[in-house]
Amino acid sequence: MFGGKDLGIDLGTANTLVFEKGKGIIVREPSVVAQRTDTKTIEAVGNDAKKMIGRTPGNIRAIRPMKDGVIADFETTAAMMRYFLRQAQKKSMFGRNPNVMVCVPSGITAVEKRAVTDAAKQAGAKEAHTIEEPLAAAIGAGLPVWEPTGSMVVDIGGGTTEVAVISLGSIVTSRSIRVAGDEMDEAIMQYIKKTYSLLIGERTSETLKMELGSALPLEQTESFEIRGRDLVSGLPKELTVTSEEITEALTDTLNSIVEAVKVTLEKCPPELAADIIDRGIVLTGGGGMLRNLDKLLTGETGMPVIVAENALDCVAIGTGLSLDHLDLFKNNGARYKKG
Ligand SMILES: Nc1ncnc2c1ncn2[C@@H]1O[C@H](COP(=O)(O)OP(=O)(O)OP(=O)(O)O)[C@@H](O)[C@H]1O
């Protein structure tokens with residue numbers, strides 16, 4: 001039995017957040033599962049499993065069951081959701097199984113949406129519905145999505161970047177690309193490998209992105225020491241990396257994101273484009289917190305760009321708040337209409 005409250009779930013590629021109205025975010029853990037390769041039993045989920053990435057013995061695999069924002073491994077995703085719902089239950093009241101709203105990338109197919117709601121039901125949800133991620137992000141960022149005015153949101157998560165223009169509670173135009181934080185990590189890993197013949201793990205590369213990452217060169221170069229395995233000698237090695245190098249490593253990935261924003265702006269009806277000039281573009285998601293990304297986007301589009309407060313939480317908050325309008329989602333993720 002789960003808690004009596006309805007829950008919003010941001011089932012992200014990188015992190016899963018569970019939001020309960022009145023309480024806020026009650027679960028926040030990495031979307032990682034550690035599984036035995038022989039018996040397929042689950043050894044750990046969330047924080048404990050993330051610590052195992054890159055450090056598991058041969059018979060345990062640390063996997064991210066969500067890839068590119070969609071379910072890559074159904075059974076493991078359902079098991080992971082069951083764990084997160086149980087965590088939520090510990091912090092909530094006992095009662096009936098909750099209705100859940102799960103956010104999904106805007107570009108996914110009906111079959112993929114179905115996989116998400118099926119996994120939620122298998123995990124113990126009474127009813128499960130989906131909301132498109134950019135809409136959830138915009139609601140969570142406090143944008144006036146219900147007004148007849150254009151709001152533009154760019155949500156950069158782990159697996160997907162969602163760009164959307166919203167008006168009157170509906171997505172007017174959007175673009176979802178499978179390029180986001182994970183791709184930045186991969187680009188850094190490749191850069192270090194190519195430049196220094198040093199192999200680093202995904203955790204080291206994510207740390208480099210967070211510590212040194214900047215979309216534009218910093219006024220004062222920063223540096224960070226990393227460890228990896230030298231591909232030539234095969235031995236562990238330490239070296240110092242600079243922020244300029246990370247900016248260079250991220251160029252292609254950031255160009256793809258800039259391109260997605262420009263294409264969406266080009267498809268935007270003129271009246272709404274005028275609203276966006278006034279109100280600006282709002283950045284959400286962990287990737288939106290990359291230093292100077294707002295400045296890069298302003299330079300490339302000429303629009304004001306603002307990083308949302310609680311950028312990491314916007315999608316979860318918006319997903320939870322949309323439960324107030326559950327009746328509008330009964331069509332399994334149908335377009336969100338007010339009234
Ligand atoms: N300060 C930061 N600078 C740059 N990137 C960051 C920062 N903080 C977090 N990230 C990155 O944000 C990503 C996670 O963001 P978020 O939790 O919004 O994604 P998600 O919702 O799990 O993914 P998706 O929306 O693709 O399903 C990770 O790639 C993480 O490395």
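As the structure lists them, so they are numbered: ligands from 1, and atoms in each ligand from 1. Starting from 1, each residue takes its place in the sequence as its number.
Side chain to side chain, N292 and S214 meet the donor-acceptor criterion of an N or O pair below 3.5 Å. In this structure, a donor-acceptor pair under 3.5 Å is present between the side chains of E245 and Y196. Looking at D155 and T284, their side chains do bring a donor and an acceptor atom within 3.5 Å of each other. Looking only at atom types and distance, the side chain of E162 has a donor-acceptor partner in the side chain of S106 under 3.5 Å away. For the residue pair T173/T264, the side-chain donor-acceptor check at 3.5 Å is not satisfied.
The shortest separation from a heavy atom of L290 to ligand 1 is under 4.0 Å, placing the residue in contact. Not a single heavy atom of M66 sits closer than 4.0 Å to an atom of ligand 1. Within the 4.0 Å heavy-atom cutoff, G287 counts among the residues contacting ligand 1.
The shortest N or O to N or O distance between G158 and ligand 1 is below 3.5 Å. Checked against a 3.5 angstrom limit, the closest N/O atoms of D185 and ligand 1 fall outside it. Where the criterion is an N or O separation shorter than 3.5 Å, residue side chain and backbone included, L312 fails it with respect to ligand 1. Checked against a 3.5 angstrom limit, the closest N/O atoms of G159 and ligand 1 fall inside it. Between G286 and ligand 1, at least one pair of N/O atoms sits closer than 3.5 Å.
The G285 neighbourhood of ligand 1 comprises atoms 18 (O), with distances under 4.0 Å to a heavy atom of that residue. Near A14, meaning under 4.0 Å from one of its heavy atoms, ligand 1 places the atoms 14 (C), 20 (P), 22 (O), 23 (O). Atoms of ligand 1 found under 4.0 Å from any heavy atom of E206, numbered from 1 in the order shown, are 28 (C), 30 (C), 31 (O). Residue-ligand proximity, G181 to ligand 1, at heavy-atom distances under 4.0 Å covers atoms 29 (O).
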Exercise for review: Please assess K50 against N47 for the test side chain to side chain donor-acceptor pair (under 3.5 Å), listing each intermediate value before the final yes or no.
Suggested key: CA-CA 5 Å; K50 184 165 184 183; N47 286 319; over 6 Å; no
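Within the 3.5 Å criterion, the main-chain N or O of L208 finds no donor-acceptor partner in the side chain of E211.
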Side-chain donor-acceptor distances from residues 297-312 under 3.5 Å, at least two apart:
unit_1: T298; atom_1: OG1; unit_2: D294; atom_2: O; d: 3.0
unit_1: T298; atom_1: OG1; unit_2: M303; atom_2: O; d: 3.1
unit_1: E300; atom_1: OE1; unit_2: K262; atom_2: NZ; d: 3.1
unit_1: T301; atom_1: OG1; unit_2: L297; atom_2: O; d: 2.7
unit_1: T301; atom_1: OG1; unit_2: M303; atom_2: N; d: 3.2

Distance-only donor-acceptor hits, side chain of residues 266-280, under 3.5 Å, sequence neighbours excluded:
unit_1: D275; atom_1: OD2; unit_2: T149; atom_2: OG1; d: 3.3
unit_1: D275; atom_1: OD2; unit_2: G150; atom_2: N; d: 2.7

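Nearest heavy-atom pair across I166 and P134 is CD1-O, 3.7 Å.
With atom 11 (C) of ligand 1 as the reference point, the heavy atom nearest to it among K209, R203, M289 is part of K209.
With a 4.0 Å cut-off on non-hydrogen atoms, R291 does not touch ligand 1 at all. Contacts with ligand 1 closer than 4.0 Å are made by side-chain heavy atoms of D10 only, the backbone lying farther away.
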